[in-house]
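To keep things clear, I will list the structure first and then write my remarks on it.
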Amino acid sequence: MTTVRIPEGWPATEEQARAVQDELRARVILDEPGPPPGTGHVTGVDVAYDDERDVVAAAAVVLDASSLAVVAEATAVGRVSFPYVPGLLAFREIPAVLAALDAVACPPGLVVCDGYGLAHPRRFGLASHLGVLTGLPTIGVAKNPFTFEHDAPAAPRGSTSALLAGSEEVGRALRTRDGVKPVFVSVGHRVTLPNACAHTLALTPRYRLPETTRRADALCRQALRQTYSV
DNA sequence: GCGACAG
DNA sequence: ATCTTGTCGC
């Protein structure tokens with residue numbers, strides 16, 4: 001377990017945070033396909049909080065993309081860096097996520113985030129932001145449609161429908177299990193939307209949520225609990 | 001002005 | 001995110 005460091009000049013206000021998004025947005029790469037599903041490494045990152053104690057715990061779990069076996073994992077604990085504000089989630093999660101990613105002992109490959117990338121009020125969600133800061137290919141897989149519109153995808157696993165901001169497709173609702181509520185996939189950095197959906201399907205052989213986020217979620221919660229019993 | 005709103 | 005027990009179903 002390592003310690004979270006809040007970067008110098010980290011935004012302190014919502015206005016500053018939005019200005020950072022507006023500047024970094026230009027660095028997102030959308031025209032690379034990204035790694036082929038089922039090859040190399042796939043890494044899940046997630047964060048758990050205790051706002052009462054001002055404590056944050058993050059986890060990064062690296063899986064072998066073809067077997068989904070855990071290859072490496074790391075956690076980071078520290079102070080909360082930003083309050084939760086819809087549209088500014090990245091400022092709350094990224095310092096902890098970066099610390100956990102830095103502590104992992106092997107190349108992360110594709111990084112799967114809990115939340116959104118392109119599907120964001122300013123088109124620069126958590127997955128986009130993390131991708132720009134690390135240079136890694138990233139995607140976002142969210143559990144809710146946020147403020148976006150969508151029709152229900154057909155019932156079979158693998159069915160999709162457009163996630164829309166007006167008439168712009170910012171992501172896809174993707175059914176990962178027959179007849180179960182879909183997940184919401186969007187592109188982060190250096191990955192294409194169809195490829196992001198293919199990765200998500202490859203990571204959901206059994207459960208609605210990707211193995212990466214399930215593993216990372218369990219690990220960061222555990223790290224947060226250990227913070228109490230010490 | 002009010003409500004909604006990733007995690 | 002987090003607070004929280006059992007329960008219905010594959």
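Protein chains get the first letters and strands the later ones, always in sequence-line order, with residue 1 at the start of each.
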Establish, for the pair Arg214(A) and Tyr207(A), whether the NZ or CZ atom is under 6.0 angstrom from the six-membered ring centre and no further than 45 degrees off its axis.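 Here Arg214(A) passes the 6.0 Å and 45° test against Tyr207(A).
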Cation-pi check for Phe124(A) against Arg18(A): NZ or CZ below 6.0 Å from the six-membered ring centre and within 45 degrees of the axis, yes or no?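 The answer is no; the distance or angle limit is not met.
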Considering just the side-chain nitrogens and oxygens of Asn144(A), establish if one lies under 4.0 Å of OP1 or OP2 belonging to dC5(B).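 Checking dC5(B) against Asn144(A), no side-chain N or O comes under 4.0 Å of OP1 or OP2.
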Could you tell me how far apart Tyr84(A) (OH) and dA4(B) (C1') are, to the nearest whole angstrom?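 For the pair Tyr84(A) OH and dA4(B) C1', the rounded distance is 10 Å.
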Between P of dA6(B) and OH of Tyr116(A), the distance in whole Å: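 To the nearest whole Å, that distance equals 9 Å.
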Check ion pair Asp178(A)-Arg157(A) (N to O, under 4.0 angstrom):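 Salt bridge: no.
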Lys/Arg-Asp/Glu bridge criterion (N-O < 4.0 Å) met for Lys143(A), Asp114(A):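 The answer is yes: the pair qualifies as a salt bridge.
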Enumerate the protein-to-nucleotides 1-10 of chain C contacts in which both atoms are nitrogen or oxygen and the separation is below 3.5 Å.
| from | atom 1 | to | atom 2 | distance (Å) |
| --- | --- | --- | --- | --- |
| dA1(C) | OP1 | Arg221(A) | NH2 | 3.3 |
| dA1(C) | OP2 | Lys143(A) | NZ | 3.1 |

Give a yes-or-no answer on whether the side chains of Tyr49(A) and Glu93(A) include a donor-acceptor pair shorter than 3.5 Å.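 The answer is yes; a qualifying pair exists.
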Reading 5' to 3' and counting Watson-Crick or G-U wobble pairs with both distances under 3.5 Å, write the dot-bracket notation for DNA chain B, | for bases paired outside the strand. .......
Close side-chain approach of Thr212(A) to Val42(A), heavy-atom, < 4.5 Å: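 Thr212(A) reaches Val42(A) side chain to side chain.
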Can His120(A) and Phe146(A) be said to form a ring pair (Phe, Tyr, Trp, His ring centres under 6.0 Å), step by step? CA-CA 9 Å; His120(A) 178 272; Phe146(A) 200 10; 7.2 Å; no
Check this for me: Arg79(A), atom CZ, are more than 12 non-hydrogen atoms of other residues, nucleotides or ligands nearer than 6.0 Å?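 Incorrect, the count does not exceed 12.
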